[in-house]
Amino acid sequence: MPQNAVISEREWARVLARHMANQLQEAARTVPELGLTQVQVVALRAAFENTLVTNMGCEVPTDQPPA
């Protein structure tokens, strides 16, 4: 597989992971009994995105929010 194809697939995976992670954040906001603070929801979204990116074979993104 050409190097450009690998780079393109990794970038596609990152975009997909971000999109899916943002959906998790939106879903969490619709569950009032969940009881998470906004900071916790953002941290959960970031952790979920990192997990997705890692599982898709890409490196973990460096733009993680502070703990």
* Asked: If you look at every heavy atom in A17 and V53, which pair is closest and at what distance?
  -> CB-CG2, 3.5 Å
Does any non-hydrogen side-chain atom of [Y] lie less than 4.5 Å from one of [X]?
X   : Y   : value
Q25 : L44 : no
E49 : M20 : no
T30 : E26 : no

* Find the distance between CZ (R45) and CG (L36) and round it off to the nearest 0.5 Å. => 14.0 Å
* Any chain of hydrophobic side-chain contacts (each under 4.5 Å) joining F48 to V31? -> yes
